[in-house]
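Below is one structure, written out as C-alpha cells, with a few remarks after it.
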Number of protein chains: 2
Amino acid sequence: MTTARRQATRQKLYEAAVTLIAEQGFSATTVEEIAERAGVAKGTVYYNFASKNELFEQLLQHGVGLLTVSLRDAADEVAARGGTRVDALDAQIRAGLAFIARYPSFTQLYVAELWRTNRAWQDTLMLVRQEAVAVVEKVLREAVDNGELSDEIDVPLTASALFGMVLVAALDWQAFQSHRSIDDVHSALSRLLQGRVSGDSRRT
Amino acid sequence: MTTARRQATRQKLYEAAVTLIAEQGFSATTVEEIAERAGVAKGTVYYNFASKNELFEQLLQHGVGLLTVSLRDAADEVAARGGTRVDALDAQIRAGLAFIARYPSFTQLYVAELWRTNRAWQDTLMLVRQEAVAVVEKVLREAVDNGELSDEIDVPLTASALFGMVLVAALDWQAFQSHRSIDDVHSALSRLLQGRVSGDSRRT
DNA sequence: TCTTTTGAACTGACTGGTCAGTACAAAAGA
DNA sequence: TCTTTTGTACTGACCAGTCAGTTCAAAAGA
C-alpha cells in the first residue's frame, strides 16, 4: 500500500532529483547525491523505486502531468468566460511561461532529454510529450474550425513551433535576462503569435 | 605544428563524438566509444585533446561556428540582391532549418546542454550562443530601424523566441514528422513570423 | 641511391577511483 | 504488528586518464 508517508518521501526524492539532474545531467548525478539532498538514506531510494532509471521515468511523468493539467485549465478557464480560441492560446502561452518560471529545473531537464534517441525512457518521453502537445493542438484545431485562424496552417507543426517558442524564450529569459517580468515575455510572444511583429510602427 | 593528418584525426573524432553524445549525453559517452567509432585508439584522443571536456568544448565551438557563418551568409545574400530585412529573417529561418537538417546530432546536443548550469563548459557555451543570436538580433534591429518591423518589439526576446521556434519545430520535424519536406516546415514558420496565422482564411 | 635518424602521431594495457545496486540488522513510525 | 526508513558495508562493473613503447614518413647524411 502507498501510504502518505511514502508519498512524502517520493516527493522529496523528486525534488532532489530534478534539480540535480537539471544541473548535471542524468548520468552525472549519483543516487547517493539524490538521497543526500532529499535527506534520506540510499536504501530508501531503492525501497521506493526499482532503479535510478525508474525514479527518473516517474519523475518525468509526474512533471509533464502537472504541465498538461495547467495548460488544459488555462484553456478551459477562457472558454468558461466566453473568450475566443485565440484568447485561449494566449492563456496557454502564459500558463506555459508560469509553469517554466515555477519549475525551471524540470523544464531544463525535459528539454535536455526530449530529442535524445536510444534512451531507456524514450517511450515514456514520447508519451508524455504527446499528451502535452495534444492540448495545444486541440485549441488550434478548434480555432481553425471556427475561422479564427487560417485553415492553411499546419496544426501539428504550428503547435510544435508555439511550444518551442515559449520553451526557448522562457529558458533564455530565466538564464540570460532574469530581470524581465513575466508580462514582458508574455507580451513579446503574444505579439509574435498575433502577427503584430510584421508591419510598420503605426500599430499598437 | 598541426599537420593535415592531425586535422583529419580531429575531424573524425568530432564526427564520432557528436553522434554518440547526442544519443547518450556527455557523461554516458565514454572516451573509448568515441575512439572506437572514429577508428583510432583511446590514446589518440588524449594526444589530440587534453581531456574529454576539452574535446567537447572544441566540438561546441566548431559546430556553432558553422551555424553562425551560415546565418550570416543567408542574410548577406539577401541584402546583396536588394531584399528587405524581413526577407533576410526569412532566409535565416531557412538557413537554420537547413543547418539542423544537415547536423541534427549537433543541434540535439547543443539544446541538451544550453541551459544546464554548473557545467565546466558553461562559459564556452554562453559565448558561442551569443555569437549566433547576435546575427539574428542584428537583422531584427535593422528591420526595426528602417520601419519594416514595429519598434515596439523587444529585440533580444524576439530573437530568442525566433531561435527557439526554429529549433524546436525543426527538432520535432526530424524526430516525429520526418516525412515533411523542408519547404513545409519553412512555410509554416514563415506564416507564423509574418502574422498570417491570425485572421480568417481569406488570406494567402 | 641507399641508410640512418628524428619526431610527430598513434597505440593499448594498466591504474586508481567511482558508482549502481545489494544485503541486512536494527530503529522508527503508524 | 506491519510497513517504512536507516546506515553501514560490500561487490563487481565500468571508466578517465597515463605512459612506455611502436609506427612511419620525411629529413639528414654518406
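Naming: A, B, ... by sequence-line order, numbering from 1 per chain.
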Give every donor-acceptor pair under 3.5 Å between a side-chain atom in residues 57-75 of chain B and any protein atom, sequence neighbours left out.
unit_1: B:E57; atom_1: OE1; unit_2: B:T124; atom_2: OG1; d: 2.7
unit_1: B:Q58; atom_1: NE2; unit_2: B:E54; atom_2: OE1; d: 3.0
unit_1: B:T68; atom_1: OG1; unit_2: B:V64; atom_2: O; d: 2.9

Any A:T9 side-chain N or O less than 4.0 Å from OP1/OP2 of D:dT5
yes
Which one is paired to D:dA30, where only Watson-Crick or G-U wobble pairs with both distances under 3.5 angstrom count?
C:dT1
Select one nucleotide: of C:dC10, D:dG7, D:dT5, the one nearest the side-chain heavy atoms of A:Y47.
D:dT5
Expressed in angstrom and rounded to an integer, what is the separation of A:Y46 atom OH from C:dC24 atom C1'?
17 Å
Is there a side-chain contact between B:K52 and the phosphate of D:dA16, meaning an N or O under 4.0 Å from OP1 or OP2?
yes
Spell out, as yes or no, whether a donor-acceptor pair under 3.5 Å connects the side chain of A:R94 to the backbone of A:H186.
no
Does A:D145 have any side-chain hydrogen bond (donor to acceptor under 3.5 Å, both in side chains) partners at least two apart in sequence or in another chain, and if so, which?
none
Taking atom C1' of D:dC15 as reference, at what distance in whole Å does atom CG of B:N53 sit?
14 Å
Residues in contact with DNA chain D, drawn from residues 31-39 of chain B - heavy-atom cutoff 4.0 Å:
B:V31
Looking at D:dT5, I'd like to know if its phosphate oxygens (OP1 or OP2) sit under 4.0 Å from a side-chain N or O belonging to A:N48.
yes
For nucleotides 27-30 of chain C, print each protein N/O atom paired with a nucleotide N/O atom at under 3.5 Å, atom names and distance only.
none

Between C:dA20 (P) and A:F56 (CZ): distance, integer Å:
14 Å
CG-CG distance between B:L114 and A:L171, expressed to the nearest 0.5 angstrom
8.0 Å
Partners of A:D87 by side-chain hydrogen bond (donor to acceptor under 3.5 Å, both in side chains), sequence neighbours excluded?
A:T84
B:K42 NZ to D:dC19 P: how many Å, rounded?
14 Å
Side-chain donor-acceptor contacts of residues 26-33 of chain B below 3.5 Å, not counting sequence neighbours, with atom names and distances?
unit_1: B:T29; atom_1: OG1; unit_2: B:L20; atom_2: O; d: 3.3
unit_1: B:T29; atom_1: OG1; unit_2: B:Q24; atom_2: OE1; d: 3.3
unit_1: B:T29; atom_1: OG1; unit_2: B:G25; atom_2: O; d: 2.7
unit_1: B:T30; atom_1: OG1; unit_2: B:E33; atom_2: N; d: 3.0
unit_1: B:E33; atom_1: OE1; unit_2: B:T30; atom_2: N; d: 3.0

Return each pair, listed once, that meets ring-ring contact (aromatic ring centres under 6.0 Å, His included) where at least one residue sits in residues 125-154 of chain B; pairs must be two or more places apart or across chains.
none
If you only use heavy atoms from C-beta on, which nucleotide in C:dT11, C:dA9, D:dT5 is closest to the side chain of B:R6?
C:dA9
In numerical order, the residues of residues 14-28 of chain A whose heavy atoms come under 4.0 Å of DNA chain C are none
The side chain of B:T30 is closest to which nucleotide in this list: D:dT5, C:dC10, D:dC15?
D:dC15
Who passes side-chain hydrogen bond (donor to acceptor under 3.5 Å, both in side chains) against A:Q122, sequence neighbours left out?
none
If you look only at pairs with a residue in residues 126-164 of chain A, which of them pass as a ring-ring contact (aromatic ring centres under 6.0 Å, His included), with sequence neighbours excluded?
none
For B:W173, give me all partners under side-chain hydrogen bond (donor to acceptor under 3.5 Å, both in side chains), at least two apart in sequence or on another chain.
none
Under 3.5 Å donor-acceptor pairs involving side-chain atoms of residues 99-106 of chain A, not counting sequence neighbours:
none

